[in-house]
Amino acid sequence: ALVGDGPHAAAVLAAPRLLQGALAGVGDFYVYLLSRRLMGPEVARWALLCQLMSWFNFFCAPRTLANSTEAVLSVAALYHWPCFGKTGPCPREEEVEGGALALALGMLACVVRPSGAPLWLAMGARELLQRRRPLNWLFRQVLPVALLVGSISVFLDSWAYWRVGADARGGLPGIPERGQWEWVLAPWNFFRVNVLEGVSANYGTHPSHWYFTQGFPVVAGTFLPVMVLGVRQHWRQGAGLAALALWSVCYHSFIGHKEFRFVLLPLHLLMPYAGAYLSALGGDPVARAKKGTATPRTRASPWRHWVLTMVFAPQVLAGAYFSFVHQRGVLDVMDSLRAGAEAGSVRDVLFLTPCHVIPLYSHMHWDVAMHFLDCSPQLSSVTDSQTEAYRNEEEVYASDPPAYLRARYRGQEAALPSHIVLFAEQVGKVRPFLDERGYRLAHTAFHAHVPADAEYESSGTAEVAVFSKSGNI
C-alpha cells in the first residue's frame, strides 16, 4: 500500500520488521526449550546464550525472509514432536497423545519454504520406524493434518494469484470481472522451477562442497569448533540434531544456487551442542541433569574465561558490523528518497543497480514510480533458439550502459526519471548520458568498506550515488 506520511506510514514500515523480530525471539526460546528437553536446564541456558550471541542469527533471523520463518517453525516442531529425544519404540501413551501441533508446524515450514521438505521426510521415516503401529499414525494423524494445511495453502495461493492477476488487468475490489480462477500448487511450482528446470542457477551457483568449506563455517564462525567438540562429546544426548543438521546441509548442496541464509536452520540445530560444550567447561552438566543431582561448578577448566572470550567477542563484533554498517547504503538512500517524496521533489526513480539490491516499496510507501534493471530468468517454455538469444535487461545494460539508456529514453524526454540511483563505481560509465540530460550529483551514501559485487562495486569503498536534475533530493 502507498500510505504516505505520518504515524500510519511509520507503522507500515516497522510492522513487518517487528513481526519478524518477534518470530526470531520465539525461535530463540524454542532453541532453549529443545536444549532443556534434551540436555537439561544448564545446557539450555548456555545454548540460549550462544543463540543470542550468534552474529548470523542476529543478522539473518529478524529479516523478513522465508528461511527465517522456516527455521522458527522447524525448531518449534521438533520441540513438540512427541517421540523426539527418545530411543527405542515410541511409548504407547505418546502414540495416542500429541503430535498434531508438531505435524502442523513442520508442514507449515514446508509451505513457507518447500526446500525444507526433505528434512521432514527424514523425520517422518524415522517416526514410522519408531511407532508400534506406523500405518495408524500415518493415516489417522499425518494425513488429516496434511489435508488441512495443504488445502488452506492451495486456496490462499490460488486466491492471491487470482487477485494479483485481476489487479494487473485493472480489476478492483467490488468489480466482478476477475479473470479465470486457477488452482496454484506453490510447492510444486517451486520444485519444478528451481530444481527440475534449474532456474535458480541464474542467480549464481557454487560447487557442491561450498556449504561445508565456506558457507556453514562463515555462518557459524567461532562457534564451529565448539559445535564440533560438543557433537563429539554429546552425540547421543542430542537426539540426532547433528544428523538432521548434516542432512539439511547435504541436500541443499545438491542445488547449484547456494546462499548463506539457507543454513540458518542447521545453525539453530547445532546450538545445543555448543551450549553443552561451553557448559561442560565447568563440569559435566548433561550427566548431572540425567542423574537429577545439583549443579555445582566443579572441575571448572582454567581456560574457561579465555575460551568464552575467544568465542563470544568475535560474534558480537561481527553481528554489530554486518547488521549496522556493512551494505547499509541502499537503505540510507531509500530513507533520503522517501524524505524527498514527502517534500514533493522525487517523482520517479531509476535504479541502475543489481537486481534485488534495493528494497523499493517496502521502504518507500509513496506513490512514486520506481524502475529497476530486470534480471528475470528465461523459463523453459521458450524454444532453444530463444533461450540462446535471450539476455535480460541487466545484461543488456552491463554490456553498454550509455547505449542502453539512450535507447530507453530516445524521443521520450518527458519520461526521464527525476532521480537516478547507481553505485559510484558505475558513474563513469553513464557520465555521458547524465551530462547530456542535465543530471547532477545530489547525494552519496556509504555502502560498504569491502565491496561484495565485482561488477558494481569493483574497487575501494563502495558508495551509492543519487543524481537528479535539480542537484538535490
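Nothing here was measured: the structure is a model prediction, and the numbers come from that model. Atom set for the values below is all heavy atoms of this structure, side chains included, hydrogens, waters and symmetry mates excluded.
Counting only N and O atoms by type, the side chains of Y273 and Q233 include no donor and acceptor under 3.5 Å apart.
Counting only residues at least two apart or in different chains, side chain to side chain donor-acceptor pair (under 3.5 Å) contacts with residues 106-119 comprise E70-R113, R113-S115, R113-H252.
Atoms OH and NZ, from Y404 and K429 in turn, are 15.5 Å apart once rounded to the nearest 0.5 Å.
In this structure a side-chain-to-backbone donor-acceptor pair under 3.5 Å is missing from S468 to S418. Although no hydrogens or angles enter the test, the distance criterion places a donor-acceptor pair under 3.5 Å between the side chain of Y211 and the main chain of E259. At least one donor-acceptor pair closer than 3.5 Å links the side chain of W247 to the backbone N or O of P118. The backbone N or O of V396 lies less than 3.5 Å from a partner atom in the side chain of S399, making a donor-acceptor pair. The backbone N or O of A201 lies less than 3.5 Å from no partner atom in the side chain of T205, so there is not a single donor-acceptor pair. Although no hydrogens or angles enter the test, the distance criterion places a donor-acceptor pair under 3.5 Å between the side chain of Q315 and the main chain of A220. With hydrogens and angles disregarded, a donor-acceptor distance shorter than 3.5 Å links the side chain of R328 to the backbone of F324. A distance-only check finds no donor-acceptor pair linking the side chain of Y79 to the backbone of S35 [under 3.5 Å]. For D157 (side chain) and V184 (main-chain N/O), no donor-acceptor pair under 3.5 Å exists by modelled atom type. Panel note: side chain S253, backbone V249; a donor-acceptor pair is recorded below 3.5 Å.
Residues passing the ring-ring contact (aromatic ring centres under 6.0 Å, His included) test with W235, sequence neighbours excluded: none. Looking at residues two or more places apart in sequence or on another chain, you find a ring-ring contact (aromatic ring centres under 6.0 Å, His included) between H356 and Y203. Checked against side chain to side chain contact (heavy atoms under 4.5 Å, CB included), P314 has the following partners two or more places apart in sequence or in another chain: T222. Under the disulfide bond (SG atoms under 2.5 Å apart) criterion, C355 pairs with C375, not counting sequence neighbours. In this structure, the side chain to side chain contact (heavy atoms under 4.5 Å, CB included) partners of L350, at least two apart in sequence or on a different chain, are L352, H371, L405, R408, Y409, P417, I420. Evaluation of the salt bridge (Lys or Arg N to Asp or Glu O under 4.0 Å) rule for E413 yields R437, K469 as partners, not counting sequence neighbours. Residues that satisfy the side chain to side chain contact (heavy atoms under 4.5 Å, CB included) test with F372, not counting sequence neighbours, are F351, L360. Qualifying ring-ring contact (aromatic ring centres under 6.0 Å, His included) partners for F212, counting only residues two or more places apart in sequence or in other chains: none. By the ring-ring contact (aromatic ring centres under 6.0 Å, His included) test, H206 pairs with W210, sequence neighbours left out.
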Side-chain donor-acceptor distances from residues 9-19 under 3.5 Å, at least two apart:
residue: R17; atom: NE; partner: L13; partner atom: O; Å: 3.4
residue: R17; atom: NH2; partner: H363; partner atom: NE2; Å: 3.4

Validation: residues 58-67 side-chain donor-acceptor distances under 3.5 Å, sequence neighbours left out:
residue: N67; atom: OD1; partner: R261; partner atom: NH1; Å: 2.7
residue: N67; atom: ND2; partner: R261; partner atom: O; Å: 2.8

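Heavy-atom neighbours of F29 CZ from other residues, nucleotides or ligands within 6.0 Å: at or below the threshold of 12.
Ring pair W159/F155: centre-to-centre distance not below 6.0 Å.
Contact detail for P354 and E394: the closest heavy-atom pair is CA-OE2, 3.3 Å.
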